[in-house]
Amino acid sequence: MDWGALHTILGGVNKHSTSIGKIWLTVLFIFRIMILVVAAERVWGDEQDDFICNTLQPGCKKVCYDHFFPISHIRLWALQLIFVSTPALLVAMHVAYRRHEKKRQFRKGDQKCEYKDIEEIRKQRFHIEGSLWWTYTSSIFFRLVFEAVFMYAFYFMYDGFRMPRLMKCNAWPCPNTVDCFVSRPTEKTVFTIFMIAVSSICILLNVAELCYLLTKFFLRRSKKAGNPKHHPNHENKEETKQNEMNELISDSCQNTVIGFSS
Amino acid sequence: MNWAGLYTVLSGVNRHSTAIGRIWLSVIFIFRIMVLVVAAESVWGDEKSAFTCNTQQPGCNSVCYDHFFPISHIRLWALQLILVTTPALLVAMHVAYQQHQEKKLLVLTGHGDPKHMEEVKKHKMRISGSLWWTYVCSVVFRLLFEAVFMYIFYMLYPGYQMVRLGKCEGLPRPHTDRVHRVVRACARRGQHNSNPSSGKGSFYGHKLSSEYKQNEINQLLTEQDGSLKDMLRRNPGLQEKGDRCSAC
């Protein structure tokens, strides 16, 4: 079980996400997980071995390392990425439950069921409405909370996002205040700032997605409330359908290869 | 998620690129990413462990390495390749959006059967209209990122050259005079070594003894109350040599 397996699991969720959700997932995998695996892990690879203290006192170096780095950046980021990506599994579970219900209806031979075969049920993409909307919105909310908590934890533990070159340690068993030198501090600072910047972008994307879902919800609600007042007859539906078709044709007329008949 | 994962993501984009775009993508993957993974990573693999300073002063090696290599070539190249290849995803997103619109249209006109849906997925989009603008923007962003990274490289490593010998001198004094004391200790090494070319063998032999190391540490620890001016007053020759971590 590694990052590749997480990619496989979350790739399936992608189908049922909004466009902003798909962008968020791409940013997560390319600018955070990939950077972590390909670059950041090498930078932090020698963090303990090359953490040098100006002392020969046995145990002093280990104690000082533990004092300054209670949890390494790399491990915090790995935890953050796992926590932030797993609320999407709530959506995956809800979709799987709905599919299971549809399959059960189909097998019972329910007349209400509009599917021709089981494969169609498996391939169908569910719209984000009803109870699925609530699940999806909750998952985005949890993502936001986890991102914010980890950013705060980072800031709190490392007192800002900068990695100093020199740290002074006087924890027992160090005989006095000892100078300890961190390995590759500038490179670590650069990557910390990069990862924090991308986390902020992800937070903004999540906020945008939440606003988009709320707007869609309220618009749908006002449409439903407004509809009984107007004439909900067949002619109106046909008009709306034709309008939509005209819009789609004018948007895609330059790239359409397949010919249509009305 | 590693370079192979990026290749999977980007190879889908290839279908909707121009001929030159496909050549560019092949050059990126074969001559840059592959060379990075199979060759450059082994060259830079021991960059820190084999960075040797002519001193036994603890911390001098780390500080000097950080001074010369604020960010390693390998990491800069990895960042550059990731940032340069991702604008192609803008094109992929636009194509996916257009395919989605076409599928919607097919469903509305009553051609929503699986055969037509598959045809939409397989057919190649012409780069015209709004897709042209997206494609041009992605190329402009690629150029911009390439130029920015080449400039960063030039700024950090003037002349794109890797020197054999770096002189670690005149380090900035961040917050405390402890680092400066480290630099002064490095300078003391240079002072002791009055004739480096002839006495190299015995110099290194002497350096490696743990007794000598302990003496150095004891000296550093007892200079808690010292200041730079006192040191300079006691050793006027120190200022002439400058603060050097390595003698040549």
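In this text the structure is predicted, and so the values were computed from the model without any measurement.
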Q: With a 6.0 Å cut-off (strictly less than), is the heavy-atom count around OH of B:Tyr154, excluding the residue itself, greater than 12?
A: no
Q: Nearest 0.5 angstrom please: B:Asp66 CG to A:Thr189 OG1, how far?
A: 8.0 Å
Q: If you round to the nearest 0.5 Å, how far is OG1 of A:Thr186 from CZ of B:Phe68?
A: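 OG1 of A:Thr186 is found 13.0 Å from CZ of B:Phe68.
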Q: I need the A:Glu187 CD to B:Leu76 CG distance, nearest 0.5 Å.
A: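 Here the interatomic distance stands at 8.0 Å.
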Q: Atom NZ of residue position A:Lys62 - does it have more than 12 heavy atoms of other residues, nucleotides or ligands inside 6.0 Å?
A: no
Q: Quick one: what part of A:Thr26 sits under 4.5 Å from any heavy atom of chain B, side chain, backbone, both or neither?
A: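 Side chain only.
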Q: Need one label for B:Ile74: side chain, backbone, both or neither, based on atoms under 4.5 Å from any heavy atom in chain A.
A: neither
Q: Are A:Arg42 and B:Glu47 within salt-bridge range, i.e. N to O under 4.0 Å?
A: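 Not counted as a salt bridge, because no side-chain N and carboxylate O are separated by less than 4.0 Å.
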Q: Heavy-atom count check: over 12 atoms from other residues, nucleotides or ligands less than 6.0 Å from B:Met162 CE?
A: yes
Q: B:Leu79, B:Ile71, B:Thr85, B:Leu89: which one forms the most heavy-atom pairs within less than 4.5 Å of chain A?
A: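 Ranked by heavy-atom pairs under 4.5 Å with chain A, first place is B:Ile71.
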Q: Roughly how far apart are B:Thr86 OG1 and A:Phe31 CZ, rounded to 0.5 Å?
A: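 Result: 3.5 Å between the selected atoms.
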Q: For the residue pair B:Asn2 and A:Val38, what are the closest heavy atoms and their distance?
A: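 Heavy atoms only, the tightest pair is CA-CG2, 4.3 Å.
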Q: I'd like to know whether CZ of B:Phe141 has more than 12 heavy-atom contacts from other residues, nucleotides or ligands below 6.0 angstrom.
A: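 Open.
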Q: Among A:Lys188, A:Arg184, A:His7, which has the most heavy-atom pairs under 4.5 Å with chain B?
A: A:Arg184
Q: Show the nearest heavy-atom pair for residues A:Cys53 and B:Pro58, with the distance to one decimal.
A: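 Distance-wise, the nearest heavy atoms are O-CB, 4.3 Å.
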Q: Which atoms of A:Asp46 are under 4.5 Å from chain B, going by heavy atoms: the side chain, the backbone, both sets, or neither?
A: side chain
Q: Is the count of non-hydrogen atoms from other residues, nucleotides or ligands lying under 6.0 Å from A:Phe83 atom CZ greater than 12?
A: no
Q: I'd like to check B:Met93 versus A:Lys22 (side-chain heavy atoms, cut-off strictly below 4.5 Å). Are they in contact?
A: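 The answer is no, as the side chains (C-beta and beyond) never meet within the 4.5 Å cut-off.
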Q: Which one, B:Ser62, B:Gly5, B:Ser72, leads in non-hydrogen pairs under 4.5 Å with chain A?
A: B:Ser72
Q: Give, for atom CD1 of A:Ile52 and atom SG of B:Cys60, the distance between the pair rounded to the nearest 0.5 Å.
A: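 SG of B:Cys60 is found 10.0 Å from CD1 of A:Ile52.
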Q: For B:Ser49, is it the side chain, the backbone, both, or neither that has a heavy atom closer than 4.5 Å to a heavy atom of chain A?
A: neither
Q: Among A:Val43, A:Asp49, A:Asp50, which residue meets the side-chain contact (heavy atoms from CB on, under 4.5 Å) test with B:Lys48?
A: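 It is A:Asp50, the one option of A:Val43, A:Asp49, A:Asp50 that forms the side-chain contact (heavy atoms from CB on, under 4.5 Å) with B:Lys48.
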